[in-house]
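I have placed the structure first, in the form of structure tokens, so that the comments after it can refer back to it.
Numbers restart at 1 for each chain; the letters A, B, ... are given by sequence-line order, proteins then strands. Not measured: the values here are computed from a predicted model.
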Amino acid sequence: MSQETQEATSPCLKRTHYCGDLRLTDAGTPAQLNGWVKRRRDHGGVIFVDLRDRTGITQVVFDPQIDEKAHALADAVRGEFVLNISGTVRERDPGELLFQADAAYQAELADGNLSAAFRALFSDVDRKYTLSEEIEVATRVAGTRWLLTDVENNRTYHIVSEDVGAENGLSIYQGTVNPELDTGEIEVAVDSLNILNTAKTPPFPIEDDIDVAEDIRMRYRFIDLRRPEMQKTLAMRHKAALAARNYMNEQGFLEIETPILMNSTPEGARDVLVPSRHYPGRFYALPQSPQQFKQILMMSGVDRYFQIARCFRDEDTRSDRQLEFTQLDIEMSFAEADDVLEVTEGLMKRIFEEAGGIPVQTPFLRLPYHESIARFGNDKPDTRFGMELTDLSDVMANCDFQVFTRTLESGGQVKAIAAPGGADFSRKDIDDLTAFVATYRAKGLAWVKVTTDGFSSGIVKFFTTEQLEMAQERTGAQPGDIMFFVADKPKVVADALGNLRLHLGKKLNLIDETRYNFLWIVDYPLFEWNEEENRYEPFHHLFTGATEETLPLLKTDPGKVQSQHYDLVCNGYEICSGSVRIHQWDIQQQVFEVLDITPEEVESRFGYFIEALAYGTPPHAGIAPGLDRMVMLMRNEENIREVIAFPKSQQGLCPLTHAPSVVTDAQLEELSIHVDADD
RNA sequence: GGGCUCGUGGCGCAGUUGGUUUAGCGCGCCUGCCUGUCACGCAGGAGGUCGCGGGUUCAAGUCCCGUCGGGCCCGCCA
């Protein structure tokens, strides 16, 4: 194969346009393009190449009559070769004359409604030209030239009013315009080609809607990222970060970097640790979030801070969780909860509208935590559809179904949801759903179908008609639906039915994918009781403030203290989490006491922080929107890896570089680390 | 730590109750022909031993055990 890539004179790499830029108005102008070969179509005499860069595709034509040398060179071109071409932009050829028609049909072109008679002329030429119902007519030159696009058949026709024999008539040409491409009305006739580089045949095609295993895409991520969809995602992520940066700047926030190497705080998630060379046996930790530093910045008088911060949590991944991720970290002084919510709402509006083109209505609804759990089974509800959970504990207390009554007697609950159209579910469907809820520890899934003839189920006999009618009324079940019941401890009921609701919402297509339902979850408890360890734990983190009304309960009934924490939820994803912080030393001490953290522990773990707190800390509050999840939502992706350029696999490996890697003994020795690696 | 699931030419898949063929198909790839295609077309061709290891059997891609890798989920994590 020809490998001649260079001339003696080096090519000019400065492009005049990107491949997605050119339009009909550019016809006649010279153009120089750089790009990758998406496809080459060799017709023996003339060669077409679809040249791709991050903006789009332009068809370039190698015609021996224009430049014999370029045409000869193009013979060796293959997929993903890197080309530099120059030539002239030209309107695409009107193509071959198909037939001529009476001038009277011209009137029909104005409104795009072609008569049956006109349509028949197309079919008369050849069956394959039969027009579909979906056609569009564009006027190219008023009164004389039109472009007729058959959208469904992806075919174009040029129609020209010109002299046909003695009188004026219409000439219909089979056009060469490609309605699929933004640049489809033009092409570049090449007079000079430089093959800047060759390429091995890629392992999968560089185009959207490919059906390729994810690990192969990840191993060849540099090829995967060339796909238009991925370029779109990268660009959107950039726009989101830019919109955020601009907005925060306009709101008076300073962007400040905080350390990546910091100290380990064993609270919450596992830290990613980095050994210290100077101090054998000591480790830095990568930030789970810049929480303490941003609070210290408030103590430092920064007043308003933000950062596009990389965060690290050494926990197992999920489709919406990575080992490292990016947050728009925000903190503001002299601020109350409402101030943070307002700034955040403005930020969301700005990001979603500027980066995603998605209109956002503010302010957002606010839903108390307990209500969210009660109605949706979790604190990140997808409110794009109904099927809410409903409590039937009171109704079922007197039924004859012992599974329910025993659960209720031991302090459990009976709740239900109604699935629209679920009366059609087969035994197998229901078995699958039972297995589904079992993963959330539910011991069973009771069901009752609602039909026009009444209730139908193996367990109907255990209930009175009134009880079932009450269940139907509360769940809102209609004839044709099915009611699902779970009886268990409240946590299990919430998990099982909450996830079943989501599962069925997707399966039954109840979700409007075009909607973005933003929603604040508020009124969280400050502490959570840990049954096993017989002590309180912070519901969020140690520095979350309490509401003024519930603050006195800190000493008497900590479980009832309400925090000033807030989460922002959109379509079932938590996208921001924040709170008003404790800024008073004595209140912070009380929190430590509730949590049984000894003064010694406080001193060793947060000594610097507590000390800073005592030196005039302003009231402050903050929040941290997750960039990855926002981009994920805007791109309608269900997997966070799709919106990260180089994500880790589920096992925490980098598929491209194979990190983490084994290091040399010399490196380990310098760090005084002895590896005990059996597994 | 656990459950489920997938692993056959470069990619996507098919391989029936273990025995039919030299393990098929589509795409891609290679060669040749073709001046208007845009999923170009036509003709021809190359390429896999079925993730890996072991076992059962006269016989295994097909059954069993183990192991490695990918994904989803529980735990964990906000």
Side-chain angles (χ1 to χ4, degrees), chain A residues 1 38-51 57-66 71 78-80 92-96 154-156 173-181 183-184 187 189 200-207 209-220 223 267-271 288-289 291 311-323 325 327 378-380 432 435-442 495-496 499 503 521 524 538-541 544 565 567-569 573-579 624 626 629 638-639 641 649-651 653 655 679:
Chain A
M1 181 191 300
K38 188 201 173 203
R39 210 181 290 275
R40 168 177 166 278
R41 292 178 294 279
D42 184 350
H43 285 256
V46 64
I47 297 172
F48 299 99
V49 165
D50 293 336
L51 199 63
I57 288 166
T58 288
Q59 171 169 285
V60 301
V61 188
F62 296 92
D63 188 332
Q65 286 174 1
I66 292 171
H71 177 262
R78 291 294 181 275
E80 298 312 306
R92 290 206 182 186
D93 199 288
E96 169 192 341
N154 191 24
R155 208 170 267 136
T156 58
Y173 296 88
Q174 184 198 1
T176 57
V177 167
N178 184 348
E180 296 272 281
L181 291 180
T183 60
E187 63 193 7
K200 288 166 74 174
T201 302
F204 51 84
I206 290 86
E207 61 194 29
D209 301 319
I210 52 170
D211 188 12
V212 179
E214 198 190 325
D215 54 327
I216 289 164
R217 287 176 53 207
M218 290 304 170
R219 196 149 62 231
Y220 298 96
I223 290 171
E267 205 66 39
R270 272 186 277 263
D271 285 322
Q288 296 183 23
S289 88
Q291 184 64 33
C311 305
F312 305 83
R313 288 178 191 158
D314 191 7
E315 296 296 342
D316 288 0
T317 63
R318 283 286 188 283
S319 43
D320 63 345
R321 257 162 44 191
Q322 278 272 302
L323 209 61
F325 57 99
Q327 293 200 326
N378 57 48
D379 64 347
K380 46 175 188 175
D432 288 348
F436 177 82
V437 296
T439 64
Y440 302 96
R441 309 267 173 285
D495 280 349
N499 284 295
H503 180 75
I521 306 295
Y524 281 86
F539 202 90
H540 290 98
H541 61 69
T544 307
H565 181 97
D567 272 4
L568 181 62
V569 171
Y573 289 97
E574 180 207 297
I575 57 174
C576 306
S577 197
S579 63
R629 286 187 185 166
E638 292 202 339
N639 195 314
R641 285 181 236 107
S649 77
Q650 190 174 43
Q651 313 304 324
L653 303 172
D679 43 3

Starting at the 5' end of nucleotides 3-15 of chain B, put B wherever the base has a protein heavy atom under 4.0 Å, S where only the sugar-phosphate does, and a dash everywhere else. -------SSS---
Per-nucleotide protein contact along nucleotides 35-43 of chain B, 5' to 3', at a 4.0 Å heavy-atom cut-off (B base, S sugar-phosphate only, - neither), is BBBBSB---
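At the heavy-atom level, A:Asp215 lies under 4.0 Å from the strands shown only through sugar-phosphate atoms. Within 4.0 Å of A:His540, counting heavy atoms only, lies at least one base atom of the nucleic acid. Looking at heavy-atom distances under 4.0 Å, A:Phe312 makes no contact with the nucleic acid at all. A:Arg318 comes within 4.0 angstrom of a nucleotide base, judged by non-hydrogen atoms across all strands. Using a 4.0 Å heavy-atom criterion, one finds that A:Thr317 contacts no nucleic acid atom at all.
Rounded to a whole Å, the CG atom of A:Asp316 is 9 Å from the P atom of B:G1. Here B:C34 presents its P atom at 11 Å from NE2 of A:His71, a figure rounded to the nearest Å. In this structure, the CD atom of A:Glu315 is 13 Å from the P atom of B:G1, given to the nearest Å. Atom CG in A:Asp314 sits about 11 Å away from atom C1' in B:C76, given to the nearest Å. At whole-Å resolution of the value, CD in A:Gln288 and C1' in B:C76 are 12 Å apart. Atom P of nucleotide B:C73 and atom CZ of A:Arg441 are separated by 15 Å, given to the nearest angstrom. Separating the NZ atom of A:Lys380 from the P atom of B:C77 is a distance of 14 Å, rounded to the nearest angstrom. Remark: P of B:A78 and CZ of A:Arg321 are 9 Å apart, rounded to the nearest angstrom.
Residues A:Phe539 and A:His565 keep their aromatic ring centres 6.0 Å or farther apart.
Of all nucleotides present, none satisfies the Watson-Crick or G-U wobble test against B:U16 with each distance under 3.5 Å. Nucleotide B:U67 forms a Watson-Crick or G-U wobble pair with B:G51, both donor-acceptor distances falling under 3.5 Å.
For A:Asn639, no side-chain nitrogen or oxygen approaches OP1 or OP2 of B:G71 to under 4.0 Å.
When each of A:Asn499 and A:Ser649 is assigned the nucleotide of RNA chain B bearing its nearest heavy atom, the one mapping closer to the 5' terminus is A:Ser649.
In this structure, A:Arg641 pairs ionically with A:Glu214, as a charged nitrogen and a carboxylate oxygen lie closer than 4.0 Å. Remark: A:Arg321 does not engage A:Asp316 in a salt bridge, criterion side-chain N to carboxylate O under 4.0 Å.
Distances were taken from every side-chain heavy atom of A:Gln650 (C-beta onward) to each of B:C72, B:C30, B:C74; the shortest belongs to B:C72. If you check B:G75, B:C72, B:G71 against the side chain of A:Gln651, the one that comes closest is B:G71. Of the candidates B:G75, B:A78, B:G71, the closest approach to any side-chain atom of A:Arg641 belongs to B:G71. In the set B:A78, B:C76, B:C73, the nucleotide with an atom closest to the side chain of A:Arg270 is B:C76. Proximity note for A:Leu653 (side chain, C-beta onward) versus B:C29, B:G70, B:C73: the nearest is B:G70.
The two atoms that bring A:Arg92 and A:Leu181 nearest to each other are NH2-CD1, 4.1 Å, heavy atoms only. In terms of heavy atoms, A:Lys38 sits closest to A:Ile57 at CD-CD1, 3.5 Å.
Checking side-chain atoms of A:His43 against main-chain N and O of A:Phe48 turns up no donor-acceptor pair under 3.5 Å.
Within a 6.0 Å sphere centred on CD of A:Glu638, heavy atoms belonging to other residues, nucleotides or ligands number 12 at most.
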